[in-house]
Amino acid sequence: PTGVELAGALGELANKTMRGDFRHIKPTEARIILIEGADEILPAYPEKLGRSARRMLEELGVTVHVQSMVEDIKPGRVVMRKNDEVQEFATETVLWAAGVRASAFGEVLASSTGAQLDRGGKVHVNPDLSLPGYENIFVIGDLAHCEQPDGSVVPGLAPAAIQQGRYVAKLLKNRSKGRDTKPFRYVNKGTMAVIGSNRAIADIGKLHFSGFFAWWLWIMVHIMSLLDTEQRISVMTQWIWKYLTRRSGSRLVTGDPPRTAELRARDNSA
């Protein structure tokens, strides 16, 4: 969902947050284009939520192209293909959010231990997150390619990494006491994507939410992730204040207004 969230944030900045902050440019004239290769954005979410997210993006001025692939990125241009049609966009800013390769350390492990890597450079691990043939070397997080019994791969997300870290800690404790530990099983507690203020989607088991309630739920999840009660209260108070007053913080606009620059040039010449 990185590209969707990024496009939503840019749309909110251009059309709401910064629309009146400049003298010589109009942020609302910015063209924000999101290119997605799947049939709908956020293909990992239920189709209904994907459609809701697309509608929210369009409300923020984002143009969405689905079933489209980026074929080339040239200086000042992006080449896109949809079926047999090729289209070019003139642009100076290209943000790539279609995934990244895993850490190069995976290649170090592979060359040293003979471990297998997947297409993204992740290391294939055993069901207990250890390297094949090396029971004392564990790989977790977004460097690990861990398959579940149903054939799915554990996603490279923070909740999964936290569960894996706790699992390995439990395994080591059990091993020190001579106990066995069941294979790792990832428990998906739900996923969310925030599109903008009052706009988000949430997929929690059989429950699907979109709009304001999903956005509020996203805020509560992040607040509860903070370490202590004092932090939670402080952050929640600041967020509520900014939301009610519509104050987005301080911004510094640098550079002289045209008249000031003219006067300074006159003074220097004198």
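None of these values were measured; they are calculated from a predicted model.
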Within 6.0 angstrom of [X] [atom1], more than 12 heavy atoms from elsewhere:
X	atom1	value
Arg19	CZ	no
Asp180	CG	no
Lys182	NZ	no

(request) Return each pair, listed once, that meets side chain to side chain donor-acceptor pair (under 3.5 Å) where at least one residue sits in residues 136-163; pairs must be two or more places apart or across chains. (result)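 As it turns out, the side chain to side chain donor-acceptor pair (under 3.5 Å) pairs with a partner in residues 136-163, which skip direct neighbours, are Asp118-His145, Asn136-Arg175, His145-Glu147, Asp150-Ser152.
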
Treating Ile, Leu, Val, Met, Phe, Trp and Tyr as nodes and any side-chain heavy-atom pair under 4.5 angstrom as an edge, say whether [X] and [Y] lie in one connected cluster.
X	Y	value
Val153	Tyr186	no
Ile219	Ile240	yes
Met220	Leu244	yes
Ile223	Ile233	no
Phe213	Tyr243	yes

[X] side chain to [Y] backbone, donor-acceptor under 3.5 Å:
X	Y	result
Tyr45	Ile201	no
Ser112	Leu109	no
Glu12	Ser197	yes
His208	Ile204	no
Asp128	Ser130	yes
Arg185	Pro149	no

Starting at [atom1] of [X], measure out to [atom2] of [Y] and round the result to the nearest 0.5 Å.
X	Y	atom1	atom2	value
Arg54	Ile41	CZ	CD1	7.0 Å
Leu42	Asp203	CG	CG	10.5 Å
Glu40	Glu47	CD	CD	7.0 Å
Ile162	Lys189	CD1	NZ	9.0 Å
His222	Met236	NE2	CE	12.0 Å
Asp72	Glu88	CG	CD	8.5 Å

(request) Apply side chain to side chain contact (heavy atoms under 4.5 Å, CB included) to Val70 and list each qualifying residue two or more places apart in sequence or on a separate chain. (result) Ile35, Ile73, Val78, Trp96

Kindly indicate whether the side chain of [X], heavy atoms from C-beta on, has any atom under 4.5 Å from the side chain of [Y].
X	Y	answer
Val139	Leu129	no
Lys173	Lys170	no
Leu171	Phe184	no
Ser210	Met56	yes
Gln87	Val79	no
Phe138	Leu172	yes
Phe209	Leu49	no
Leu34	Thr63	no

(message) For the residue pair Thr181 / Asn174, report whether a side-chain donor-acceptor contact shorter than 3.5 Å exists.
(response)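 Note: Asn174 and Thr181 side chains meet the donor-acceptor criterion.
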
(request) Check the side chains of Tyr134 and Asn126 for a donor-acceptor pair under 3.5 angstrom, ignoring hydrogens and angles. (result)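 No pair is found: no donor N or O on one side chain lies under 3.5 Å from an acceptor on the other.
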
(request) List the steps and the verdict of side-chain contact (heavy atoms from CB on, under 4.5 Å) for Leu95 and Leu10. (result) CA-CA 11 Å; Leu95 303 173; Leu10 292 174; 3.7 Å; yes

(message) Taking Arg81 first and then Glu85, would you say they form a salt bridge - that is, a charged N and a carboxylate O separated by under 4.0 Å?
(response)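 Salt bridge flag = no for Glu85 with Arg81.
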
Heavy-atom pair with the smallest gap, counting every atom of [X] and [Y]:
X	Y	result
Ala200	Ala214	O-CB, 3.4 Å
Gln164	Gly141	OE1-N, 2.6 Å
Gly76	Glu92	CA-OE2, 3.8 Å
Val62	Gly11	CG2-CA, 4.5 Å
Gly106	Val123	CA-CG2, 3.8 Å
Ala144	Lys122	O-CD, 3.8 Å

(message) Please verify the inter-ring angle class for Trp215 with Phe212; under 30° counts as parallel, over 60° as perpendicular, anything in between as tilted.
(response)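 Because their plane-to-plane angle lies in the 30° to 60° range, the rings of Trp215 and Phe212 count as tilted.
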
(request) Kindly state each residue pair satisfying ring-ring contact (aromatic ring centres under 6.0 Å, His included) with at least one member in residues 52-92, sequence neighbours excluded. (result)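 Listed once each, the pairs are His65-Phe89.
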
(request) Report the C-alpha distance between Glu107 and Leu117 in whole Å, list the side-chain angles of each, state the deciding distance to 0.1 Å, and finish with yes or no for side-chain contact (heavy atoms from CB on, under 4.5 Å). (result) CA-CA 8 Å; Glu107 298 177 4; Leu117 304 179; 4.0 Å; yes

(message) Please determine whether side-chain contact (heavy atoms from CB on, under 4.5 Å) holds for the pair Thr229 and Arg232, giving the CA-CA distance in whole Å, both sets of side-chain angles, and the decisive distance to 0.1 Å.
(response) CA-CA 5 Å; Thr229 303; Arg232 294 168 186 161; 4.3 Å; yes

